[in-house]
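Below you'll find the structure, written out as structure tokens, and then a few comments.
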Number of protein chains: 2
Amino acid sequence: MSQNQFHDHDHQGCIASALATAEARCAAEGLRLTAQRKRVLEILLEEHRALGAYDILARLSAEGQNAQPPVAYRALDFLVSHGFAHRIERLNAYIACTLPNEGAHMPAFMICRNCDMVAETGRPEAELGLVSEAKNLGFAVERSSVELEGLCPACREARP
Amino acid sequence: MSQNQFHDHDHQGCIASALATAEARCAAEGLRLTAQRKRVLEILLEEHRALGAYDILARLSAEGQNAQPPVAYRALDFLVSHGFAHRIERLNAYIACTLPNEGAHMPAFMICRNCDMVAETGRPEAELGLVSEAKNLGFAVERSSVELEGLCPACREARP
DNA sequence: TTCGGTATTGATATGTTATAACATATCTAC
DNA sequence: GTAGATATGTTATAACATATCAATACCGAA
Ligand SMILES: [Zn+2]
Ligand SMILES: [Zn+2]
Ligand SMILES: [Zn+2]
Ligand SMILES: [Zn+2]
């Protein structure tokens, strides 16, 4: 994969590699990547955008499944809790992790307000600063949600 | 106000000063801090916790107003868009700004998962790092949401 | 292999958060 | 006072998420 999801990249390879990683990690860790969970991950991987649970349900329904809300939420819970996907709080939506090899990590997201694209950044040095800043105040960070909203490179050029 | 909201402080003064600041800024900027907006801000200021729109509606109803959802959301939109309150994405809830003098700013929040207290930190150096990191990727940050979840000082001591 | 516990799925109902749409009231400027 | 803009009242509905319980699939131990 190229530097980040805002730039052109071999997206079929991007999907295949994420799926392969998920299968390998599940096998290694004794997790069950069932058909439903895998299908939801595939749906998330199709685009570098965040999908709502009901978007996923709509896709499943289009494939003939009569999927009800718990179906999507259960699969998403599995994927999120094991680090194969993330929840974007600002959008009430979900996106496949682009760094599933790293296991649990503290991602940061850039959300384009124009085209809805979402890119995940790797290990933002900055975040370590935040965590230690919190520690100085006596607060023990367990999870973080860092989401930046703005214009992606393509949309910046299109409407400067 | 003391260093942050996790520690004891003169909360009546905390409320009064935030209200005074809001009134002053609205006067200076030609904004209308109407009775409803002011009341919602007062409700938010009562505690250093985030309240959902429907929590606010319940308080308004308890005071005799038959307030419907748009009443809360409109007041919250006003308060948030002018920097008197913030939305906590992770909680789908709202909290009064503790730094209303600074006008628009990029806050970071620490959310205690045990007691639901929320503290706002001032100008986290770290965040500047995130923004410049995004810039390097060609992404123009316009808004940010930085929310840390964990245990506040009091809850850390209570259950170590 | 069969049993029994655990994890997953199916299905229905409900809870929670947020906005659309349109009417009415209030304020401000002319 | 009238007109335009802003704010509020009111109803309905969209969008997001979970509770509950029954049925089935899976997996290791007897
Ligand atoms: Zn890709
Ligand atoms: Zn874009
Ligand atoms: Zn206070
Ligand atoms: Zn606490």
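All values reported here derive from a predicted model rather than from experimental measurement. Note: hydrogens, waters and symmetry copies are ignored here, and every other heavy atom, side chains too, is used. The sequence lines fix the lettering, A, B, ..., with proteins before strands; numbering per chain opens at 1.
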Under 3.5 Å side-chain donor-acceptor pair for A/Glu89 and A/Ser145 | no
Rounded off to whole Å, could you give me the CG-to-P distance for the B/Leu31 and C/dT28 pair?
-> 13 Å
Using a cut-off of less than 4.0 Å, is there contact between a side-chain N or O of B/Arg32 and OP1 or OP2 of C/dC27?
-> no
Neighbours of DNA chain C within residues 76-97 of chain A, by heavy-atom distance under 4.0 Å | none
Planes under 30° and centres closer than 5.5 Å, is that true for B/Tyr54 with the base of C/dT16?
-> no
Using a distance-only test with no angle check, is there a side-chain donor-acceptor pair under 3.5 angstrom linking A/Asn66 and A/Gln68?
-> yes
Residues forming a ring-ring contact (aromatic ring centres under 6.0 Å, His included) with A/Phe109, sequence neighbours excluded = A/His86
Check each residue of residues 55-74 of chain A for a non-hydrogen atom within less than 4.0 Å of any atom in DNA chain C, then write out the ones that pass by number, or none.
-> A/Gln68, A/Pro70, A/Arg74
Which atom pair, heavy atoms only, marks the closest approach of A/Asp10 to A/Gly13?
-> OD1-N, 3.0 Å
Mark yes or no for whether A/Glu142, through its side chain, and B/Leu151, through its backbone, hold a donor-acceptor pair below 3.5 Å.
-> no
Look at B/Glu46 together with B/Arg39 and state whether they make a salt bridge at an N to O cut-off of under 4.0 Å.
-> yes
On the 0 to 90° scale, with breaks at 30° and 60°, tag the B/His9-B/His11 ring pair as parallel, tilted or perpendicular.
-> perpendicular
Shortest non-hydrogen contact from B/Tyr94 to B/Val80?
-> CD2-CG2, 4.1 Å
Length of the CG-P vector between B/Leu33 and D/dA7, whole Å = 11 Å
